[in-house]
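Please read the structure below before turning to the comments.
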Amino acid sequence: YYLILTTPRRIYENLAIACLIGSLLGLGALASNSELVAIRAAGVSVGRIVRTVIQAGMLLVILTIIVGEFAMPPMERMAWKYKAVALSKEISAVGTGFWAKDQNQFIQVDRALSNDVLMKTTMIEVNDNNQLSRITLAETANHDGKSWRMKGVTSTRFEKNGVNIDKNSSLEWSSELKPDMFEIVRTNPKMLSIADLFSYIKYLEENMLQSGQYRLSFWAKLISPFSTLVMILLAAPFAMGPQRGGGAGQRIFFGILGGIAFFMLNKIFGNIALVYKVSPLVCAAAPTIIFMGIGLYGLKRLYR
């Protein structure tokens, strides 16, 4: 069940490399049988051949968008919860808990039974001078669609004349943090849709929190369809160039080598963006631009 739910992620992560290897095999087969030579002798240019391949690749680009935006995020979350329950033998999607921030409040959740049912919640509130003003402990917090209803509440207020402790059986908590936002907090940013990433980045910036990792994932997902097309473009020089006589084995080798290089560059530039605070857009687009340049250079050599 877990493997089935994580299949869309595996398809999404490997589709660009699969397009590269598939294009190498498809064009390479035509080149090995001299069919590309016949096509070009009939007056069809290299550019037109490449455009035809890219047009066919647009179907895979559409598949990438559908999988990445609609299939992968919900199924990945279901898989993650299923694995957590199976390992812990209890209904818990968090285990060690998580932190969130809402304006001048810092919220720590020990355990979440679901998005709208939180267990053992601690809220630390500071004033405008960043001084501790209140600590609120709640056994449970349930969302009724409009606000959070906390039960088993103990509130400690720090005032000039001393410390006051209040206990309430229930207390309403109005917050910008909605149940779906807690789902995002606990999820790997790579597994979120573009819409979820955009809304969560906005939330982080409004609360003056670091959003670099989520910005990087946001731009990477936007650029991912173009990466698939670039992989197809890169296959043309290898298939129609001097390597066409090397057979399928050589083409697959170059395809895997190119895929590994693309994967490694994505990792390297991603770490550069996070560590050195370089623009996430630049780092997310750099590998695709580099490989597009290699592909265009290879095509230029075919015209000589």
Review point. If only atom types and distance count, is the side chain of S193 paired as donor or acceptor with the main-chain N or O of D196 below 3.5 Å?
Key: yes
Practice item. Measure across I232 and G57 and return the closest heavy-atom pair with its distance rounded to 0.1 Å. Key: CD1-CA, 3.5 Å
Revision key, fill the gap. Rounded to the nearest 0.5 angstrom, the CZ-CG distance for F106 and L132 is 10.5 Å
Check your understanding: Which pair of heavy atoms, one from L20 and one from G258, lies closest together, and at what distance?
Key -> CD2-C, 4.2 Å
**Study point:** Atom pair OG1/CE of T136 and M123 - distance to nearest 0.5 Å
**Key:** 4.5 Å
**Study point:** Residue list, side chain to side chain contact (heavy atoms under 4.5 Å, CB included) with N14, at least two apart or on another chain
**Key:** R10
**Study point:** same_hphob_cluster(F263, I260) at 4.5 Å side-chain heavy-atom cutoff
**Key:** yes
Practice item. Return yes when atom CD1 of I4 has more than 12 non-hydrogen atoms of other residues, nucleotides or ligands closer than 6.0 Å, and no otherwise. Key: no
Review point. Below 4.5 Å, heavy atoms only, C-beta onward: do L192 and Y214 meet side chain to side chain?
Key: yes
Review point. Between P237 and R301, is any pair of side-chain heavy atoms under 4.5 Å apart?
Key: no
Practice item. State plainly whether the residues R215 and E205 are in salt-bridge range, i.e. N to O under 4.0 Å. Key: yes
Study note, to complete from the structure: Taken in chain and number order and not counting sequence neighbours, the residues that satisfy side-chain hydrogen bond (donor to acceptor under 3.5 Å, both in side chains) with D102 are S175
Practice item. Measure from the side-chain N and O atoms of D144 to the backbone N and O of S147, and report whether any donor-acceptor pair falls under 3.5 Å. Key: yes
Practice item. For the pair W219 and C283, evaluate side chain to side chain contact (heavy atoms under 4.5 Å, CB included) and give the outcome as yes or no after the intermediate values. Key: CA-CA 9 Å; W219 289 114; C283 290; over 6 Å; no
**Study point:** Hphob cluster co-occupancy, I289 + M231, side-chain heavy atoms under 4.5 angstrom
**Key:** no
**Study point:** Criterion side chain to side chain contact (heavy atoms under 4.5 Å, CB included) on L233 and L299, from CA distance to verdict
**Key:** CA-CA 9 Å; L233 174 68; L299 288 176; 3.2 Å; yes
Revision key, fill the gap. Contacts of E76 meeting side-chain hydrogen bond (donor to acceptor under 3.5 Å, both in side chains) (sequence neighbours excluded), chain-then-number -> R9
Review point. By side-chain hydrogen bond (donor to acceptor under 3.5 Å, both in side chains), which residues pair with R134, not counting sequence neighbours?
Key: none
Check your understanding: Can you name the closest pair of heavy atoms from G259 and I17 and give their distance?
Key -> O-CD1, 3.8 Å
Practice item. Would you kindly say whether S227 and T288 are connected by a side-chain donor-acceptor distance under 3.5 Å? Key: yes
Practice item. Evaluate the side chain to side chain contact (heavy atoms under 4.5 Å, CB included) criterion for residues L265 and F291: first the C-alpha distance (whole Å), next the side-chain angles of each, then the deciding distance (0.1 Å), finally the verdict. Key: CA-CA 10 Å; L265 279 179; F291 273 75; 3.6 Å; yes
Review point. Would you say L257 and L24 are hydrophobically clustered, going by side-chain heavy atoms of ILVMFWY under 4.5 Å?
Key: yes
Practice item. Under the ring pair (Phe, Tyr, Trp, His ring centres under 6.0 Å) rule, collect the residues that match up with F269, sequence neighbours excluded. Key: none
Practice item. First locate atom SG of C19, then atom CG of L234, and finally report the distance between them rounded to the nearest 0.5 Å. Key: 12.0 Å
Point to revise | Nearest heavy atoms of A284 and I223, plus distance in Å | key: C-CD1, 3.7 Å
**Study point:** Rounded distance [0.5 Å steps], CD in Q213 versus CD1 in I201
**Key:** 10.5 Å
Exercise for review: Among residues two or more places apart or on two chains, list those pairs meeting ring pair (Phe, Tyr, Trp, His ring centres under 6.0 Å) that have a residue in residues 26-54.
Suggested key: none
Point to revise | Connected via hydrophobic side-chain network under 4.5 Å: M75 and Y2 | key: yes
Name every donor-acceptor pair, under 3.5 Å, that has one atom in a side chain of residues 33-51 and the other anywhere in the protein, sequence neighbours excluded.
from, atom 1, to, atom 2, distance (Å)
N33, ND2, A29, O, 3.2
S45, OG, R48, N, 3.2

Study note, to complete from the structure: In terms of heavy-atom contacts, I194 and K221 come closest through CG1-CB, 3.9 Å
**Study point:** Side chain to side chain, T140 and N142, heavy atoms closer than 4.5 Å
**Key:** yes
Check your understanding: Considering residues at least two apart in sequence or located in another chain, which fulfil the salt bridge (Lys or Arg N to Asp or Glu O under 4.0 Å) criterion with E139?
Key -> K120
Point to revise | L118 side chain reached by W148 side chain, heavy atoms, under 4.5 Å | key: yes
Point to revise | Flag side-chain contact, heavy atom, 4.5 Å: E172 against M150 | key: no
Check your understanding: Is any side-chain heavy atom of E125 less than 4.5 Å from a side-chain heavy atom of N104?
Key -> yes
Point to revise | Rounded distance (nearest 0.5 Å) linking atom CG of L137 with atom CD1 of I165 | key: 10.0 Å
Review point. Where do N129 and N127 come nearest, in terms of heavy atoms and distance?
Key: N-OD1, 2.9 Å
Atom pairs and distances, donor-acceptor, side-chain atoms in residues 151-163, under 3.5 Å, two or more places apart:
from, atom 1, to, atom 2, distance (Å)
R157, NE, D166, OD2, 3.3
R157, NH1, E159, OE2, 2.3
R157, NH2, D166, OD2, 3.1
E159, OE1, N164, ND2, 2.9

Enumerate donor-acceptor pairs with a distance under 3.5 Å from any side-chain N or O in residues 270-281 to protein atoms, sequence neighbours excluded.
from, atom 1, to, atom 2, distance (Å)
N271, ND2, K267, O, 3.2
S279, OG, L281, N, 3.4

Point to revise | Evaluation steps, side chain to side chain contact (heavy atoms under 4.5 Å, CB included), between I107 and W99 | key: CA-CA 6 Å; I107 301 99; W99 286 84; over 6 Å; no
Practice item. Could you tell me whether F226 atom CZ has more than 12 heavy atoms of other residues or ligands within 6.0 Å of it? Key: no
Check your understanding: Taking only residues two or more places apart in sequence or in another chain, which ones pass side-chain hydrogen bond (donor to acceptor under 3.5 Å, both in side chains) with S133?
Key -> none
Review point. What distance separates L216 CG from L197 CG, expressed to the nearest 0.5 Å?
Key: 10.0 Å
**Study point:** Common cluster, V67/F70, ILVMFWY with side-chain heavy-atom separation under 4.5 Å
**Key:** no
Study note, to complete from the structure: Across all chains, not counting sequence neighbours, the ring pair (Phe, Tyr, Trp, His ring centres under 6.0 Å) partners of F218 are none
Practice item. Please check if the side chain of S224 supplies one atom and the backbone of A220 the other of a donor-acceptor pair under 3.5 Å. Key: no
